[in-house]
Amino acid sequence: MSAKIFKLSSSVINQIAAGEVVENPASIVKELIENSLDAESMSIEVTALGGGQELIRIEDDGSGMSREDALLSIERHATSKIRSVEDLQTLSTMGFRGEALAAISSVCHFELKTSDGKATRILSEGGTIISVESCARNRGTTIEVRSLFYNVPARRNFQKSKSASFAAISRTVDAIALAHPEIAFSLNGKRFFPTTLKERIEEILGEHEHPVAANGILGFVASPEKAMAMRTGQYLYINKRPIFSPLIAKAVKEAFGTRISEHSYPRFILFLEMDPDQIDINVHPQKKEVRFRDEGAIFRKIQKAVEEAFIPKTSFAAPLAFNAPLPTSFAEHFLPFEYKVEETQLEWETPDVPLAVLGRFFLLQRKNLLLVDLKAAHARLLYESLSFEKSGAQALMWPLEIPILPEEEPKAISLQEIGVECRILKKRLVIDALPPWLESSDFPQFYAEWKGGKKMEEIATRFCRSLSKSFSIDQAIAMWREVQKCKDRLYDPLGNSIYTEIGEEDLAHFVLKGKHG
Ligand code: ADP
Ligand code: MG
């Protein structure tokens with residue numbers, strides 16, 4: 001055959017590329033949400049009609065684009081996210097190929113409304129720009145994809161049913177929402193409000209009983225009896241990106257051992273944080289798979305972390321022998337996930353025998369009994385860590401974000417003075433590390449107390465009292481030990497006693513009075 005060679009037009013090239021990036025409505029939803037995440041949106045609303053084949057709309061409140069950038073964004077290989085191949089090794093954004101918008105817009109009726117302060121509306125059909133004009137929109141971006149694959153009949157005809165297609169979109173939104181609990185999402189009006197990771201997981205996947213926590217690994221596995229016949233209960237994220245990895249699924253399964261049958265799949269949700277140079281993300285067009293630099297190491301690490309999730313934690317009522325070592329680390333109970341406490345230097349220095357915990361009260365035996373008010377102890381510990389020890393901040397595995405008003409910014413950033421490592425990022429306060437005795441899940445409450453601006457004595461005490469915590473005996477022991485090292489170990493910052501002694505006479509008051517008593 002002899003044929004003349006032509007260079008393909010850019011719209012044909014884009015359509016061919018679209019075959020890789022945009023297989024179906026769900027993959028479009030994924031690409032568009034990832035762009036919204038990269039634009040630092042706090043709220044992402046998704047609408048899908050006809051299983052996404054009639055309409056997909058993604059609306060965000062992110063950075064938006066200027067007119068110039070908006071026009072570039074739908075050109076192939078146009079990206080704001082990398083400049084060189086080396087940048088791939090330190091990639092922190094979801095996107096990097098600069099292909100998605102070009103590919104998507106080449107196979108539909110496409111509308112882009114975006115504003116970085118000044119709003120622009122671009123309409124295109126099959127990749128050809130029809131109009132560019134000013135419009136009204138708050139900061140952020142809305143993208144509408146209509147008549148998907150109208151110009152690619154082969155692909156149009158191979159689409160799934162509307163309901164299957166919608167189910168895939170829904171799973172995509174869920175999978176992304178799971179990794180970004182601080183962001184509000186909605187799909188056709190079904191809403192996920194900003195919350196904690198644990199709550200977001202429970203909302204979407206139901207309860208997963210066993211927390212998994214190791215350096216760089218965070219997540220949950222469901223009890224073995226919840227294992228399924230399919231892989232659909234398995235969620236893996238690497239640096240918050242949903243990833244499919246048979247290797248890691250296998251490591252988890254090995255960790256379940258004989259707890260599940262050979263042909264069932266354990267349910268899990270795991271988040272790995274890895275140095276970008278330990279993985280290669282550029283191996284799959286939709287970035288769904290990665291290559292690990294050291295497969296054996298990651299396999300063993302996952303297996304071990306999941307195995308440990310099944311080791312029973314000492315129960316609340318377990319009696320403790322005098323001088324017993326701590327049965328489980330303080331960190332595991334009190335400060336799940338975020339903290340790594342080195343227990344090794346701590347010695348049980350007091351001769352007191354721990355007896356029991358009831359709510360906020362801790363009972364010890366010395367000569368008399370000691371009744372410790374753990375809330376007062378907590379306030380003392382927190383107060384001293386905020387006042388005297390500025391270097392002990394513990395890095396959070398997942399930075400905590402709370403929305404703040406612009407006028408709050410100067411005050412918020414002064415949290416750094418009390419050992420809270422934080423920064424301001426577009427209407428949000430991002431917390432990277434917290435002083436000891438301040439749990440990230442309690443931080444919003446602390447912040448509310450703190451910005452009221454009273455004295456630290458009062459802030460610490462009121463905050464600790466307001467928490468509705470119950471303490472395990474391990475936590476109580478650890479707190480009591482630490483209180484012994486405080487500058488003032490008798491009183492909370494407002495002068496209330498941390499503990500009181502109870503003698504036999506005091507107990508006499510409690511003796512039940514009989515008939516003749
Ligand atoms: P990539 O995400 O790989 O860079 P895309 O084609 O998905 O490529 O997007 C191209 C560019 O358009 C992005 O790099 C970004 O600068 C811009 N962009 C896309 N979507 C949004 C959005 N929702 N908000 C702000 N900018 C966006
Ligand atoms: Mg993208």
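Indexing begins at 1, ligand by ligand and atom by atom, following the structure's order.
With sequence neighbours left out, the side chain to side chain contact (heavy atoms under 4.5 Å, CB included) criterion links Leu247 to Ser245, Phe292, Glu295, Ile298, Phe299. Ser115 pairs by the side chain to side chain contact (heavy atoms under 4.5 Å, CB included) definition with Ala119, Arg137, not counting sequence neighbours.
Salt bridge Arg293/Asp280: absent, no basic N to carboxylate O contact under 4.0 Å. Using a 4.0 Å cut-off between a side-chain N of Lys or Arg and a carboxylate O of Asp or Glu, Glu408 and Lys451 qualify as a salt bridge. Using a cut-off of 4.0 Å between Lys/Arg side-chain N and Asp/Glu carboxylate O, Lys469 and Glu439 are scored as salt-bridged. Salt-bridge formation is detected for the pair Arg423/Asp432: a Lys NZ or Arg NE/NH1/NH2 atom is positioned less than 4.0 Å from an Asp or Glu carboxylate oxygen.
Nearest protein heavy-atom contact of atom 4 (O) of ligand 1 is Thr79 OG1, 2.5 Å. What sits closest to atom 6 (O) of ligand 1 on the protein, heavy atoms only, is Leu101 N, 2.9 Å. What sits closest to atom 25 (C) of ligand 1 on the protein, heavy atoms only, is Ala39 CB, 3.5 Å. Protein heavy atom nearest atom 2 (O) of ligand 1, with residue, atom name and distance: Lys81 NZ, 2.7 Å. Taking atom 14 (O) of ligand 1 as the reference point, the nearest protein heavy-atom neighbour is Ser80 N, 3.0 Å. Nearest non-hydrogen protein atom to atom 17 (C) of ligand 1 is Met65 SD, 3.5 Å. At the shortest separation from atom 3 (O) of ligand 1 among protein heavy atoms lies Gly98 N, 2.7 Å. Looking only at protein heavy atoms, the nearest one to atom 7 (O) of ligand 1 is Asn35 ND2, 2.8 Å.
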Report, one line per pair, each donor and acceptor closer than 3.5 Å where one atom sits in a side chain of residues 231-244; sequence neighbours left out.
from   : atom 1 : to     : atom 2 : distance (Å)
Gln234 : NE2    : Pro266 : O      : 2.9
Tyr235 : OH     : Arg171 : NH1    : 3.1
Tyr237 : OH     : Ala175 : O      : 2.4
Asn239 : OD1    : Met274 : N      : 2.8
Asn239 : ND2    : Met274 : O      : 2.9
Arg241 : NH1    : Met94  : O      : 2.8
Arg241 : NH2    : Thr93  : O      : 2.9
Arg241 : NH2    : Met94  : O      : 3.4

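By the 6.0 Å contact criterion, NZ on Lys411 is enclosed, its count of non-hydrogen atoms from other residues, nucleotides or ligands being greater than 12.
Heavy-atom proximity to atom 12 (O) of ligand 1, evaluated over Gly64, Ser73, Ser36, is greatest for Ser73.
Ligand-side atoms of ligand 1 in range of Glu99: 6 (O), 8 (O), range being under 4.0 angstrom from any heavy atom.
Contact annotation: for Glu34 versus ligand 1, there are no heavy atoms closer than 4.0 Å. Under 4.0 angstrom from ligand 1, there are no non-hydrogen atoms of Thr114.
A distance-only check finds no donor-acceptor pair linking the side chain of Asp116 to the backbone of Gly64 [under 3.5 Å].
Around the Mg ion (ligand 2), the protein contributes the following N, O or S atoms under 2.8 Å, ordered by chain and number: Asn35 OD1.
Considering backbone and side-chain N/O atoms, Glu31 never comes within less than 3.5 Å of an N/O atom of ligand 1.
When His208, Glu209, Glu207 are each tested for a side-chain hydrogen bond (donor to acceptor under 3.5 Å, both in side chains) with Lys226, only one passes: Glu209.
Side chains of Ser63 and Glu40: no donor on one and acceptor on the other come within 3.5 Å.
Seen from the ring of Tyr150, Arg156 does not count as a face-on cation partner, given the 6.0 Å and 45° thresholds.
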